[in-house]
Amino acid sequence: VAPTANAPSDKALVPFVSVAHMMALVHRLGAETVLAELATAIEADFRRWEDFDRTPRLPAHSPQGVIELMPTTDGVHYSFKYVNGHPRNTRAGLQTVAAFGLLAEVSTGYPVLLTEMTLLTALRTAAVSAVAARHLARPDARVHALIGNGAQAEFQALAIRALTGADRLRLFDTDPTATAKVQRNLAPLGFNLTTCTSAEEAATGADIVTTVTADKRNARVLAANAVAQGQHLNAVGGDCPGKTELPPELLPRCAIFVEHPPQTRVEGEIQSLPADHPVTELWRVIAGNAPGRRSPADVTLFDSVGFSIEDFSALVWLKGRITPDLCQPLDLIADPDDPRDLWGMLMRAGPEGGTT
Ligand SMILES: NC(=O)c1ccc[n+]([C@@H]2O[C@H](COP(=O)([O-])OP(=O)(O)OC[C@H]3O[C@@H](n4cnc5c(N)ncnc54)[C@H](O)[C@@H]3O)[C@@H](O)[C@H]2O)c1
């Protein structure tokens with residue numbers, strides 16, 4: 001913290017949650033408790049969806065990936081997340097998805113929280129999948145196929161089990177070392193695990209199928225004829241123009257649920273469908289003003305792309321959960337004693353950064 005001539009006010013010192021703090025919070029509360037609390041927070045905000053600004057995120061595409069800004073506000077708080085999606089990053093030892101985010105109060109525009117969001121994104125994405133599965137999967141769902149066993153995978157498995165009870169897990173990844181990693185991580189947590197040699201084998205007999213792969217193309221991670229009546233699909237990894245997971249011929253068989261149609265029609269699986277293909281906003285199902293699954297034979301599809309309101313929910317949840325030992329005050333906002341004497345504050349600091 002650089003010294004200044006001023007004693008910073010509380011509003012100028014912004015609580016910062018580092019990766020180490022976030023990990024300590026998850027250990028303190030327990031991952032399943034965190035996932036359940038996030039699911040509750042997300043559902044509560046989905047029920048008041050129309051209170052929020054619903055600007056689709058702002059993407060900056062490159063041949064390697066995408067960098068996105070995801071802002072929203074409910075008029076009381078404002079939030080944004082900075083997040084990337086670079087499927088080839090893991091080859092260089094980097095995460096496919098890395099993120100940080102900020103929560104501010106609308107009344108002053110001052111930040112009230114700055115935080116890592118790589119872990120928080122994995123947690124919130126899993127909580128959203130689980131919320132969708134709780135509302136759309138058959139109530140007797142017990143078997144979960146998890147296709148794509150990378151960074152997000154364990155979070156998805158735990159959240160879905162916590163919210164639906166599905167504790168039989170069928171794993172597949174094109175890279176067997178990823179599947180071995182998930183197996184190693186989840187075996188001590190009481191899952192009944194089966195590793196599979198194809199996505200189709202993983203999906204066979206599953207009630208819930210989550211695709212959470214990373215590839216910068218229109219992939220076909222699962223053959224259309226491998227999807228059986230009554231299944232619920234969470235398609236999590238298709239989230240950019242030209243980056244999808246499911247064969248387009250599967251989609252007309254599905255009852256499709258989305259976050260925010262103007263964003264999902266550009267980024268989701270439904271980018272291959274006509275712009276007027278009927279979809280249902282997930283928030284309407286949660287709020288009780290649109291039907292979810294209509295029959296046990298329906299194939300339901302949650303075409304997840306990730307929406308700013310979910311990050312808002314996670315940030316407000318985090319703000320309510322951090323304690324002084326789980327954050328660090330960050331000297332982020334200049335805070336002259338006389339708010340119009342910013343220059344005077346700078347000059348009094350002196351050339352060495354010390355006070356004069
Ligand atoms: N919808 C959302 O809200 C949301 C949020 C976060 C991440 N994502 C997306 O989820 C995906 C996974 O993210 P991650 O952090 O776990 O990435 P990751 O790179 O850690 O893992 C991806 C895994 O997918 C596997 N894979 C690639 N193609 C496959 C295929 N055809 N079949 C089976 N497995 C395959 C890879 O081997 C890898 O193990 C990314 O595409 C990311 O953009 C979406």
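Note that ligands are numbered from 1 as they come in the structure, with each ligand's atoms numbered from 1 the same way. Residue numbers run from 1 in the order of the sequence given. On a predicted model such as this, the values are computed, not experimentally measured, just so you know.
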*Asks:* N/O to N/O below 3.5 Å, does that happen between Ala151 and ligand 1?
*Replies:*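 Among all N and O atoms of Ala151, at least one is under 3.5 Å from an N or O of ligand 1.
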*Asks:* By number and element, which atoms of ligand 1 are closer than 4.0 Å to a non-hydrogen atom of Gly150?
*Replies:*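 Under 4.0 Å from Gly150, ligand 1 has these atoms: 16 (O), 20 (O), 21 (O), 23 (C), 39 (O).
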*Asks:* Only heavy atoms count here, so choose which of Val236, Thr213, Ile147 is nearest to atom 11 (C) of ligand 1.
*Replies:*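 Looking at heavy atoms only, the winner is Thr213.
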*Asks:* If I apply the N/O under 3.5 Å rule, does Lys243 come out as touching ligand 1?
*Replies:*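 Such a contact does occur with ligand 1.
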*Asks:* If hydrophobic clusters are built by linking Ile, Leu, Val, Met, Phe, Trp and Tyr wherever their side-chain heavy atoms come under 4.5 Å apart, do Val209 and Val128 end up in the same one?
*Replies:*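 No, it is not one cluster - the side chains of Val209 and Val128 are not joined through contacts under 4.5 Å.
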*Asks:* Can you name the atoms of ligand 1, numbered from 1 with element, that are less than 4.0 Å from a heavy atom of Arg124?
*Replies:*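 That gives atoms 3 (O) of ligand 1.
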*Asks:* With a 4.5 Å heavy-atom cut-off, do Ser79 and Thr72 have their side chains touching?
*Replies:*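 Counting from C-beta outward, Ser79 and Thr72 do come under 4.5 Å.
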*Asks:* Should you measure from each heavy atom of Thr90, which atoms of ligand 1 turn up under 4.0 Å away?
*Replies:*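 Per the distance check, 19 (O).
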*Asks:* In terms of residue, atom name and distance, what is the protein heavy atom nearest to atom 4 (C) of ligand 1?
*Replies:*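 For atom 4 (C) of ligand 1, the nearest protein heavy atom comes out as Thr125 CG2, 3.7 Å.
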*Asks:* So which bit of Val305 gets within less than 4.0 Å of ligand 1, heavy atoms only: side chain, backbone, both or neither?
*Replies:*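 The answer is the backbone of Val305.
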*Asks:* With atoms numbered from 1 as shown, which atoms in ligand 1 lie under 4.0 angstrom from a non-hydrogen atom of Val212?
*Replies:*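 Those qualifying, in numeric order: 10 (O), 12 (C).
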*Asks:* State which residues pass ring-ring contact (aromatic ring centres under 6.0 Å, His included) with Phe16; sequence neighbours excluded, sorted by chain then number.
*Replies:*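 Testing Phe16 for ring-ring contact (aromatic ring centres under 6.0 Å, His included), a comparison that skips the adjacent residues, returns none.
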*Asks:* For atom 1 (N) of ligand 1, what's the nearest protein heavy-atom neighbour? Residue, atom name and distance, please.
*Replies:*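 Ranking protein heavy atoms by distance from atom 1 (N) of ligand 1, first comes Ser304 OG, 2.9 Å.
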*Asks:* Which atoms of ligand 1 have any heavy atom of Ala178 under 4.0 Å away?
*Replies:*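 Matching atoms, with element in brackets: 39 (O).
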*Asks:* Verify ring-ring contact (aromatic ring centres under 6.0 Å, His included) between Phe257 and Trp283, making sure each step is shown before the conclusion.
*Replies:* CA-CA 9 Å; Phe257 299 83; Trp283 75 266; over 10 Å; no
*Asks:* Checking side chain to side chain contact (heavy atoms under 4.5 Å, CB included) between Ser313 and each of Thr40, Leu38, Ile42, which is the one that passes?
*Replies:*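 With Ser313 as partner, Thr40, Leu38, Ile42 yield a single side chain to side chain contact (heavy atoms under 4.5 Å, CB included), made by Ile42.
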*Asks:* Taking distance alone, with N or O pairs closer than 3.5 Å, would you say Thr96 contacts ligand 1?
*Replies:*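 There is such a contact, yes.
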*Asks:* Short N/O distance, under 3.5 Å, between Asp173 and ligand 1?
*Replies:*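 Between Asp173 and ligand 1, an N or O pair is found under 3.5 Å apart.
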*Asks:* Do the side chain of Gln231 and the main chain of Ala203 share a donor and acceptor less than 3.5 angstrom apart?
*Replies:*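 Judged by distance alone, yes, a pair lies under 3.5 Å.
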*Asks:* With side chain to side chain donor-acceptor pair (under 3.5 Å) as the criterion, how do Gln156 and Gln152 come out once you've worked through the C-alpha distance, each side chain's angles and the decisive distance to 0.1 Å?
*Replies:* CA-CA 6 Å; Gln156 296 279 328; Gln152 311 297 318; 5.4 Å; no
*Asks:* Which atoms of ligand 1 have any heavy atom of Val221 under 4.0 Å away?
*Replies:*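 What qualifies from ligand 1 is 30 (C), 31 (N).
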*Asks:* Among all residues two or more places apart in sequence or in another chain, which pass the ring-ring contact (aromatic ring centres under 6.0 Å, His included) test with Tyr82?
*Replies:*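 Testing Tyr82 for ring-ring contact (aromatic ring centres under 6.0 Å, His included), a comparison that skips the adjacent residues, returns Phe100.
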*Asks:* Need the ligand 1 atom indices (1-based, order shown) with element for anything under 4.0 Å from a heavy-atom of Gly237.
*Replies:*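 Every atom of ligand 1 under 4.0 Å from some heavy atom of Gly237: 9 (C), 10 (O), 11 (C), 41 (O).
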*Asks:* Would you check the N or O atoms of Gln152, main chain and side chain alike, for any that come under 3.5 Å of an N or O of ligand 1?
*Replies:*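 N/O-N/O distance below 3.5 Å exists for this pair.
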*Asks:* Quick one: are Val221 and Asp215 in side-chain contact, heavy atoms under 4.5 Å?
*Replies:*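 In short, these two side chains do not touch, never coming nearer than 4.5 Å.
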*Asks:* Within 45° of the six-membered ring axis of Phe191 and under 6.0 Å from that ring's centre, is NZ or CZ of Arg168 located there?
*Replies:*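 Judged by the rule, Arg168 and Phe191 form no cation-pi pair.
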*Asks:* Let me confirm one number: the CG-CG distance from Leu186 to Leu158, rounded to the nearest 0.5 Å.
*Replies:*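 Reported value, rounded in 0.5 Å steps: 6.0 Å.
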*Asks:* I need the nearest protein heavy-atom contact for atom 29 (C) of ligand 1: residue, atom name and distance, please.
*Replies:*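 The closest heavy atom on the protein side is Thr174 OG1, 3.5 Å.
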*Asks:* Number the atoms of ligand 1 from 1 as they appear, then name those within less than 4.0 Å of a heavy atom of Asp239, with their elements.
*Replies:*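 Counting atoms of ligand 1 from 1, those under 4.0 Å from Asp239 are 8 (N), 9 (C), 42 (C), 43 (O), 44 (C).
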*Asks:* Around atom 27 (C) of ligand 1, find the nearest protein heavy atom and jot down its residue, atom name and distance.
*Replies:*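 Ranking protein heavy atoms by distance from atom 27 (C) of ligand 1, first comes Ala214 O, 3.5 Å.
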*Asks:* So, Thr300 and Asp298: side-chain donor and acceptor under 3.5 Å apart, yes or no?
*Replies:*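 Thr300 vs Asp298: no donor-acceptor pair found between side chains.
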